[in-house]
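Just so you know, ligand 1 is whichever comes first in the structure, and atom 1 is the first atom listed for that ligand. All of these numbers come straight from a predicted model, not from anything done at the bench.
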Amino acid sequence: MAQSGTTRNRVAEKTPASDLPQPVKVQQVRNTKIFINNEWHTSISGRTFPTLNPATGDTICEVQEADKEDVDKAVAAAKVAMQLGSAWRKMEPSRRGRLLHRLADLVERDRLLIATLESLDTGKPFLQAFFVDLEGSIRTLRYYAGWADKIHGKSVPVDETFMCITKHEPIGICGAIIPWNFPLLMLMWKIAPALCCGNTVVIKPAEQTPLTALHIGSLIKEAEFPPGVVNILPGFGPTAGAAFASHCGIDKVAFTGSTEVGQLIKESAAKSNLKRVTLELGGKNPCIVFADCDLQLAVEEIQKGAFYNQGQCCTAASRVFVQEKIYEEFVRRSIESAKKIVIGDPLDPQTTHGPQIDQQHFDKIMDLIESGKKEGAKLEYGGGYLGEKSLFIQPTIFSEVKDSMRIAVEEIFGPVLCIFRFKSQQEVIERANNSRYGLVSAVFTTSMDRALSVSGAMETGTVWINCYNALHVQTPFGGYKMSGNGRELGEYALAEYSEVKTVTFKMSETM
Ligand code: NAP
Ligand code: MG
């Protein structure tokens with residue numbers, strides 16, 4: 001899943017043009033309904049909503065709109081699938097692993113189609129979807145497939161007249177609320193650990209990007225997961241999403257999205273049934289570039305960090321602190337590098353930069369770019385958009401950014417690189433940590449001592465040293481402070497999808 005690489009991706013860059021995968025022609029999208037109990041349902045309200053192609057503004061298709069009543073129906077199905085004695089509950093753990101592997105096989109089989117749907121629905125370049133999102137999704141399924149029969153409890157030494165063991169059991173019905181920036185990958189980050197631990201799931205994809213999740217519904221059925229184990233409900237946040245958070249039949253919600261909605265979800269969870277909540281939220285991620293770094297490496301990694309996925313990443317390299325001595329050269333090389341980005345049709349293999357997700361998000365990014373200009377940051381590159389009525393924003397670089405400016409404080413979630421100047425290590429650590437967010441940070445230096453001491457001081461869940469977006473399914477991911485609660489990926493995620501039960505036997509005889 002290592003997302004490092006780019007705007008395009010290292011594998012794509014090494015592959016001869018004639019061997020690159022090609023998008024498939026999608027005449028008609030097959031899966032557009034609500035997926036409950038391994039069956040396709042129309043919405044109880046009868047409502048549908050359009051999903052759009054952000055590159056053209058065209059409607060790709062109409063999708064059934066789930067609301068609270070549909071969520072009730074899905075939760076009832078998930079509950080039956082989870083009850084004592086059900087096929088899922090009795091299933092040998094290694095067989096759950098086999099099902100996850102089978103799902104991974106089917107995703108591999110349909111990889112071209114799924115990458116095409118992801119590109120059409122999100123506007124991300126097809127090759128990025130194929131090489132990064134699909135690869136990461138398949139690896140996530142296979143990694144957790146391997147864990148299914150290795151989730152061990154312990155035997156705990158206590159008073160000799162007792163025998164005490166712990167068992168790791170599924171939590172129950174897990175809700176997953178997914179954002180639009182990595183719709184397939186975020187879905188896999190949630191369902192793979194949830195299913196490997198033996199839970200059932202109800203999923204709400206983002207309203208802008210429901211199509212790949214719905215395709216996965218068809219593969220869940222084909223893989224022969226028992227009915228009700230996975231249920232997928234396209235719909236809107238304030239209706240279907242809010243119904244997840246307040247539902248007394250849902251035992252846990254895993255959410256990826258904005259900090260503001262994360263707060264609403266935790267509040268509803270507390271007020272309903274105190275369901276478990278894990279949150280992966282926003283970021284305003286500091287990168288510290290010391291004068292002793294490999295400058296070209298730092299420029300290239302940060303550039304990818306800032307502009308990858310049109311800047312629509314919670315991990316975006318959004319506050320780049322560069323030490324005085326190399327400041328001008330860093331800015332100059334960043335501009336040179338940004339000029340190589342190719343904006344265009346996401347399905348074209350040459351394209352490395354697509355449109356933003358929708359008009360509302362486009363307007364928010366442009367407003368922040370305007371605020372940067374007004375507040376006195378120096379616009380070095382970009383700052384505009386292409387064509388009338390298009391959602392394509394140019395990669396944008398600001399220098400001389402001050403800590404109090406809006407572009408320095410607010411999450412932009414767009415292709416905007418903000419470059420700050422710093423003098424000393426102590427000063428930059430304080431400034432880097434001066435944020436409500438704490439998702440990721442990066443340090444560029446050739447001094448191992450400095451790298452280790454600065455990484456120790458960073459208030460973030462991940463620190464990348466001389467690299468960026470180096471995400472791996474084996475390593476935990478999540479935020480400090482208002483960037484989230486809990487961890488996804490790696491062995492750590494298993495704890496987020498299990499309850500620990502203590503079983504104590506009283507022995508009638510002891511030696
Ligand atoms: P968002 O508006 O918070 O939406 C995320 C999901 O929550 C969508 O499915 C949305 O549904 C749903 N939602 C909206 N209002 C809701 C409510 N009241 N109750 C329940 N669910 C609700 O975020 P976004 O704009 O899609 O994504 C951008 C944000 O996600 C950024 O802040 C980014 O940093 C964060 N993010 C974090 C990570 C991470 O791993 N930490 C990863 C990716 C993105 P609808 O879309 O259908 O309204
Ligand atoms: Mg769409």
Side-chain angles (χ1 to χ4, degrees), residues 1 3 49-52 63 65-68 71 121-122 124 133 136 175-190 202-210 213 232-247 250 253-269 271-272 275 277-285 308-318 356-358 360-365 410-414 435-440 460-462 469 471 476-489 493:
M1 147 160 13
Q3 287 182 0
F49 64 97
T51 186
L52 309 180
V63 173
E65 182 193 330
D67 205 332
K68 187 176 176 312
V71 175
D121 220 7
T122 62
K124 69 175 70 196
D133 300 58
I177 303 178
I178 314 287
W180 45 258
N181 57 346
F182 292 92
L184 183 75
L185 193 59
M186 293 300 109
L187 173 92
M188 295 305 179
W189 283 21
K190 289 173 176 51
V202 288
I203 302 154
K204 193 201 85 64
E207 148 254 314
Q208 295 92 336
T209 56
I232 304 168
L233 299 110
F236 293 89
T239 51
F244 276 37
S246 63
H247 207 294
I250 294 184
V253 166
F255 169 78
T256 297
S258 60
T259 293
E260 292 65 30
V261 175
Q263 288 177 298
L264 290 177
I265 287 178
K266 210 164 173 183
E267 192 183 347
S268 293
K271 285 186 175 155
S272 51
K275 59 177 64 62
V277 176
T278 45
L279 302 171
E280 296 288 359
L281 309 174
K284 193 69 191 172
N285 309 298
Y308 186 72
N309 209 39
Q310 294 71 246
Q312 299 167 147
C313 297
C314 53
T315 57
S318 41
Q356 307 306 136
I357 188 71
D358 62 18
Q360 193 186 354
H361 192 55
F362 172 96
D363 292 343
K364 179 193 147 184
I365 298 167
E410 295 177 31
E411 188 183 36
I412 303 174
F413 224 59
S435 169
R436 68 175 186 151
Y437 296 113
L439 192 60
V440 303
T460 56
T462 293
N469 273 348
L471 289 160
F477 179 75
Y480 282 25
K481 301 197 273 190
M482 292 185 79
S483 286
N485 292 167
R487 292 292 177 271
E488 294 192 299
L489 302 186

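Proximity of F477 to ligand 1 is established by a heavy-atom distance of less than 4.0 Å. Remark: distances from the non-hydrogen atoms of C313 to ligand 1 are all 4.0 Å or more. Taking a 4.0 Å cut-off on heavy atoms, A242 registers as neighbouring ligand 1. The closest approach between a heavy atom of W189 and any atom of ligand 1 is not below 4.0 Å. Not a single heavy atom of H361 lies less than 4.0 angstrom from ligand 1.
Set against the non-hydrogen atoms of L264, the atoms of ligand 1 under 4.0 Å away are 18 (N). When each atom of ligand 1 is checked for a heavy atom of G235 under 4.0 Å away, the hits are 47 (O). Annotation for ligand 1: atoms under 4.0 Å from non-hydrogen atoms of G241 are 19 (N), 20 (C), 21 (N). For ligand 1, the atoms sitting less than 4.0 Å from at least one non-hydrogen atom of Q208 are 46 (O), numbered in the order shown with element in parentheses.
The nearest protein atom to atom 35 (C) of ligand 1, hydrogens excluded, is given as G257 O, 3.0 Å; this is a heavy-atom distance. The protein atom (non-hydrogen) at minimum distance from atom 7 (O) of ligand 1 is F255 CE1, 3.1 Å. Among all protein heavy atoms, the one lying closest to atom 43 (C) of ligand 1 is N181 ND2, 3.1 Å. Counting protein heavy atoms only, atom 38 (C) of ligand 1 is closest to C314 SG, 3.0 Å. Closest to atom 9 (O) of ligand 1 among all protein heavy atoms lies I178 O, 2.7 Å. Nearest non-hydrogen protein atom to atom 48 (O) of ligand 1 is G237 N, 3.1 Å. When hydrogens are left out, the protein atom nearest atom 11 (O) of ligand 1 is K204 NZ, 3.0 Å; that is the closest non-hydrogen contact. Of the protein's non-hydrogen atoms, E411 OE1, 2.7 Å is the one closest to atom 32 (O) of ligand 1.
Contact annotation for T256 and ligand 1: heavy atoms of both the backbone and the side chain come within less than 4.0 Å of the ligand.
Rounded to the nearest 0.5 Å, atoms OG (S483) and CG (N285) are 7.0 Å apart. For the atom pair CD of E411 and CG of L281, the computed distance is 9.5 Å after rounding to the nearest 0.5 Å.
Between F49 and F236, the distance separating the two ring centers is shorter than 6.0 angstrom. A ring-centre distance under 6.0 Å is found for W189 and F477.
Of the polar atoms of F236, none of the N or O atoms is found under 3.5 Å from an N or O of ligand 1, judged by distance alone.
The protein does not reach atom 4 (O) of ligand 1 closely, with no heavy atom under 4.0 angstrom from it.
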